[in-house]
Amino acid sequence: MYNPTVARLTYRALLGRRRALILFALPALLIAISLAVRGLTGVDDKVAADLLGGFALATMVPLIGVIAGTGAIGPEIDDGSIVYLLAKPVKRPTIIMTKLIVAIAVTMAFSAIPTFLAGFILNGNGQNIAVAYTVAALVASIAYSALFLLLGTVSRHAVVFGLVYALIWESLFGSLVDGAKTLSVQQWALTLAEKIAGEGYVDSAVALSTASVLLVAVTVGATAYAGQRLRRLTLAGEE
């Protein structure tokens, strides 16, 4: 279910000059803000939790997921170069799984690691806040990568729709509207962070059992449907 050649091509596409600048910009901004906040307020556990939850998990992680998930396959479909890949003797599920693994790895690297560093800068992992949000970022990276990889296979405007989802649904509705919180990847990931961090520093609106089931269901479902879409695309090309 993993093809090194497909992985290498996908890494090269994701870490090209333009996308790499965007991928590095968000973590750099988080670190810069963390340094400024630490210098102005000193060690404050509540401030650390608010910054990591409000910026790192609610904004940075989904945006990086958009870039990595849609970029893993979307551009190839848009410019037609996916036809050359599909013509190779590589199983379609292998292509999807390989691209998903690469998208997850890139999203984790550019979101979880900066989150961990920012947490240590802010309060030295007091109340396990840095570790809690790092785990949340790791888990969210998996679901976001699957969702946005699927989006890249179904729409030529995947980046636009992904940004709308990340900025409107996750950052706004997923944080503020009670009914929408149950359907928010951010809230599912926060459930895990709540179990790790000190009491009262992380709040989630979803039960751990519900969050676990939804995370698995969304990841598996999105990956499976992306494979179906790619299979249909192959048949259309052959016809």
For Leu215, is there any backbone N or O sitting under 3.5 Å from a side-chain donor or acceptor partner on Thr219? yes
With rounding to the nearest 0.5 angstrom, report the [atom1] to [atom2] distance, [X] to [Y].
X     : Y     : atom1 : atom2 : value
Tyr84 : Leu9  : OH    : CG    : 14.0 Å
Lys88 : Leu85 : NZ    : CG    : 9.0 Å
Asp45 : Asp50 : CG    : CG    : 11.0 Å
Leu51 : Lys46 : CG    : NZ    : 12.5 Å

What class does the angle between the rings of Phe161 and His157 fall in, given that below 30° is parallel, 30 to 60° is tilted and above 60° is perpendicular?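 Ring orientation, 0 to 90° scale: perpendicular.
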Strictly by salt bridge (charged side-chain N to carboxylate O under 4.0 Å, His left out), give each pair with a member in residues 191-200 just once, sequence neighbours left out.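 Found none.
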Among residues two or more places apart or on two chains, list those pairs meeting salt bridge (charged side-chain N to carboxylate O under 4.0 Å, His left out) that have a residue in residues 111-122.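 Listed by first then second residue: nothing to list.
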Do you know the tightest heavy-atom contact between [X] and [Y]?
X      : Y      : result
Thr115 : Ala56  : OG1-CB, 3.8 Å
Val202 : Ala193 : CG1-CB, 4.0 Å
Ala68  : Thr107 : CB-OG1, 3.3 Å
Phe110 : Pro27  : O-CG, 3.1 Å
Leu23  : Leu14  : CD1-O, 3.8 Å
Thr191 : Ala211 : OG1-CB, 3.8 Å

By side-chain hydrogen bond (donor to acceptor under 3.5 Å, both in side chains), which residues pair with [X], not counting sequence neighbours?
X      : value
Thr153 : none
Tyr165 : Glu170
Asn3   : none

Other cluster members, Val216 - Ile/Leu/Val/Met/Phe/Trp/Tyr, side-chain contacts below 4.5 Å: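 Answer for Val216: Val220.
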Please examine the side chains of [Y] and [X], heavy atoms only from C-beta on, and report whether any two atoms are closer than 4.5 Å.
X      : Y      : result
Thr182 : Gln187 : no
Ile101 : Tyr2   : yes
Pro93  : Arg231 : yes
Phe55  : Leu30  : yes

State which residues pass side-chain contact (heavy atoms from CB on, under 4.5 Å) with [X]; sequence neighbours excluded, sorted by chain then number.
X      : answer
Leu214 : Trp188, Thr210
Arg156 : Asp78
Ile121 : Ile31, Ser34, Leu35, Arg38
Leu167 : Leu63

Same cluster or not: are [X] and [Y] linked, directly or through other Ile, Leu, Val, Met, Phe, Trp or Tyr residues, by side-chain heavy atoms under 4.5 angstrom apart?
X      : Y      : result
Leu192 : Val213 : no
Leu183 : Leu150 : yes
Leu15  : Met60  : yes

As a quick check of understanding, evaluate side-chain contact (heavy atoms from CB on, under 4.5 Å) for Leu52 and Leu122, giving each step before the final call. CA-CA 9 Å; Leu52 294 181; Leu122 288 165; 4.2 Å; yes
Run the numbers on Met1 and Thr98 for side-chain contact (heavy atoms from CB on, under 4.5 Å), then give the verdict. CA-CA 7 Å; Met1 299 300 289; Thr98 300; over 6 Å; no
Would you mind writing out the side-chain donor-acceptor pairs for residues 127-141 within the sub-3.5 Å range, not counting sequence neighbours?
{"from": "Tyr133", "atom 1": "OH", "to": "Ala49", "atom 2": "O", "distance (Å)": "3.3"}
{"from": "Thr134", "atom 1": "OG1", "to": "Phe116", "atom 2": "N", "distance (Å)": "3.4"}
{"from": "Thr134", "atom 1": "OG1", "to": "Ala130", "atom 2": "O", "distance (Å)": "2.7"}
{"from": "Ser141", "atom 1": "OG", "to": "Ser111", "atom 2": "OG", "distance (Å)": "3.3"}
{"from": "Ser141", "atom 1": "OG", "to": "Ala137", "atom 2": "O", "distance (Å)": "2.6"}

Report the residue from Thr70, Ile64, Ile73 that forms a side chain to side chain contact (heavy atoms under 4.5 Å, CB included) with Phe148.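 Passing option: Thr70.
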For Ile104 and Tyr144, what are the C-alpha separation, side-chain angles and deciding distance, and is it a side-chain contact (heavy atoms from CB on, under 4.5 Å)? CA-CA 8 Å; Ile104 289 172; Tyr144 283 133; over 6 Å; no
Under the side-chain contact (heavy atoms from CB on, under 4.5 Å) criterion, do Ile96 and Lys99 qualify, and how do the steps go? CA-CA 5 Å; Ile96 288 296; Lys99 288 184 173 294; 5.7 Å; no
Would you find more than 12 non-hydrogen atoms of other residues, nucleotides or ligands less than 6.0 Å from Tyr11 atom OH? yes
Test: side-chain hydrogen bond (donor to acceptor under 3.5 Å, both in side chains). Region: residues 53-68. Which pairs qualify, not counting sequence neighbours? none
